[in-house]
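The figures here come from the full heavy-atom set of this structure, side chains too, leaving out hydrogens, waters and symmetry mates.
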Amino acid sequence: MDIHNNLSRLNKDLIDASNENKLILRDNLNKNDEVVQEHLKLQPYRISFTQGQIDALEQAFNITHYPDVYTREKLAQKIQLPETRIQLWFSRRRAKYRQENKRKDHQPPRSKL
């Protein structure tokens, strides 16, 4: 009987430990959900530009690579985007422009056959 009581008590302890682990795991999952949600809040939302917006932005870029705030605000009203998105687009477009020029400068000359 003593062995039976010990096994029964051991089995009960294992079940209790298992339930505690499940609670700890559930709490950790909830914390992870909060972390993921907080991370998503910090990420900026992505904007898909329409072709008309891209055309207007490219046309403005061909005029100047560094538009002043007045020009950006006017363009923002015209294409219905926030001025901050216009500013970011120009920043990224200037980086792309520099990359394209760097590639052109580093291409070896073609041989004439």
Side-chain angles (χ1 to χ4, degrees):
M1 278 288 212
D2 199 32
I3 294 174
H4 182 42
N5 286 341
N6 286 343
L7 285 175
S8 178
R9 190 175 34 200
L10 183 60
N11 192 26
K12 184 179 181 294
D13 289 344
L14 285 173
I15 290 172
D16 289 344
S18 176
N19 287 338
E20 284 179 33
N21 287 338
K22 286 177 185 175
L23 290 173
I24 291 170
L25 181 62
R26 189 184 70 208
D27 289 344
N28 285 340
L29 287 175
N30 288 340
K31 287 177 187 172
N32 286 340
D33 286 345
E34 291 171 9
V35 169
V36 168
Q37 287 176 1
E38 193 63 32
H39 178 70
L40 291 175
K41 286 180 191 175
L42 297 176
Q43 286 183 333
Y45 60 94
R46 285 184 81 73
I47 288 185
S48 296
F49 297 102
T50 65
Q51 191 58 50
Q53 289 170 331
I54 293 171
D55 292 342
L57 288 163
E58 287 290 346
Q59 186 178 12
F61 186 79
N62 288 334
I63 295 169
T64 180
H65 293 194
Y66 293 90
D68 60 9
V69 68
Y70 174 75
T71 305
R72 288 193 310 265
E73 286 176 351
K74 191 175 174 183
L75 185 58
Q77 284 181 337
K78 179 181 173 186
I79 63 175
Q80 298 176 343
L81 285 174
E83 186 269 336
T84 54
R85 290 293 163 176
I86 305 290
Q87 190 174 15
L88 184 60
W89 184 90
F90 270 91
S91 174
R92 290 180 175 163
R93 183 62 180 88
R94 286 190 299 268
K96 180 180 175 182
Y97 179 79
R98 285 189 301 269
Q99 262 187 342
E100 288 171 349
N101 283 343
K102 191 185 289 187
R103 279 192 212 124
K104 287 178 186 176
D105 292 343
H106 292 329
Q107 285 181 348
R110 294 182 179 177
S111 63
K112 295 180 182 178
L113 294 178

Could you tell me whether the side chain of R94 and the main chain of H65 form a donor-acceptor pair under 3.5 Å?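 Between the backbone of H65 and the side chain of R94 there is a qualifying donor-acceptor contact (under 3.5 Å).
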Using a 3.5 Å cut-off and no angle test, enumerate the donor-acceptor pairs between side-chain atoms of residues 73-83 and protein atoms at least two apart in sequence or in another chain.
unit_1 : atom_1 : unit_2 : atom_2 : d
E83    : OE2    : R72    : NE     : 2.5
E83    : OE2    : R72    : NH2    : 3.1

Same hydrophobic cluster for [X] and [Y], using side-chain heavy-atom links shorter than 4.5 Å among ILVMFWY?
X   : Y   : answer
I86 : I54 : yes
F90 : F49 : yes
Y97 : W89 : yes

Is it true that D55 and Q51 share a donor-acceptor pair across their side chains at a distance under 3.5 Å?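 Yes, side-chain donor-acceptor contact under 3.5 Å.
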From CD (Q53) to OG (S48), nearest 0.5 Å: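 Q53 CD to S48 OG: 9.5 Å, rounded to 0.5 Å.
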Decide yes or no for K102 and R98: does some side-chain heavy atom of the first lie under 4.5 Å from some side-chain heavy atom of the second? no
